[in-house]
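Encoded as structure tokens, the structure appears first; notes follow it.
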Amino acid sequence: MPKYFKVYDSNEVLFITIDDSGAVIIKDKAGKKIFLSRYQAKLMRFSIDNLFGDKFKKSSDSSIHIEEISEEDSNKK
């Protein structure tokens with residue numbers, strides 16, 4: 001069963017779908033989509049954690065929110 005998430009701050013909203021295979025779909029408010037296979041998503045996570053992790057950790061920006069949403073909410077704009 002796919003999981004749906006809403007990641008947002010005061011300027012931007014992203015809707016993320018993770019299906020059973022581990023593939024990821026990232027969609028913004030304008031409807032632009034990025035499809036990542038399970039392997040691509042794994043590589044991206046590795047890159048963020050290891051290459052860019054220090055830049056994200058230094059920023060103590062707590063204005064970013066992540067919430068799990070329903071499929072219907074993920075299709076709304």
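Any value given below was found using the heavy atoms of this structure, including those in side chains, with hydrogens, waters and symmetry copies removed. Residue indices begin at 1 and follow the sequence shown. None of these values were measured; they are calculated from a predicted model.
In terms of hydrophobic clustering, with Ile, Leu, Val, Met, Phe, Trp and Tyr side chains grouped at heavy-atom distances under 4.5 Å, Phe5 and Val24 are assigned to a common cluster. At a threshold of 4.5 Å between side-chain heavy atoms, the hydrophobic network of Ile, Leu, Val, Met, Phe, Trp and Tyr places Ile16 and Met44 in one connected group. Note: the hydrophobic cluster containing Ile66 also contains Leu36 (ILVMFWY, side chain heavy atoms under 4.5 Å, direct or indirect links).
Residues passing the ring-ring contact (aromatic ring centres under 6.0 Å, His included) test with Tyr8 are His65, sequence neighbours excluded. By the side chain to side chain donor-acceptor pair (under 3.5 Å) test, Ser10 is found to be paired with no residue, residues two or more places apart in sequence or in another chain being considered. A search for side-chain contact (heavy atoms from CB on, under 4.5 Å) contacts involving Glu12 returns Asp9, Leu14, Asp28, not counting sequence neighbours. Every residue was checked against the side chain to side chain donor-acceptor pair (under 3.5 Å) condition with Glu68, not counting sequence neighbours, and none meets it. Here Arg38 pairs with nothing under the side chain to side chain donor-acceptor pair (under 3.5 Å) rule; sequence neighbours left out.
Residues Pro2 and Thr17 come closest through the heavy atom pair CB-CG2, 4.3 Å. The shortest non-hydrogen separation linking Gly22 to Ala41 is O-CB, 4.2 Å.
The side chain to side chain contact (heavy atoms under 4.5 Å, CB included) with Val7 is formed by just one residue from the set Ile26, Val13, Ile64; it is Ile64.
Here the CZ atom belonging to Phe15 is positioned 7.0 Å from the NZ atom belonging to Lys27, to the nearest 0.5 angstrom. Expressed to the nearest 0.5 Å, how far CD1 of Ile69 lies from NZ of Lys3 amounts to 13.5 Å.
Counting side-chain heavy-atom gaps under 4.5 Å among Ile, Leu, Val, Met, Phe, Trp and Tyr, the cluster of Leu43 also holds Tyr39.
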Between Lys6 and Asp73, does a side chain to side chain contact (heavy atoms under 4.5 Å, CB included) hold up when you go through it step by step?
CA-CA 9 Å; Lys6 179 180 177 181; Asp73 290 338; over 6 Å; no
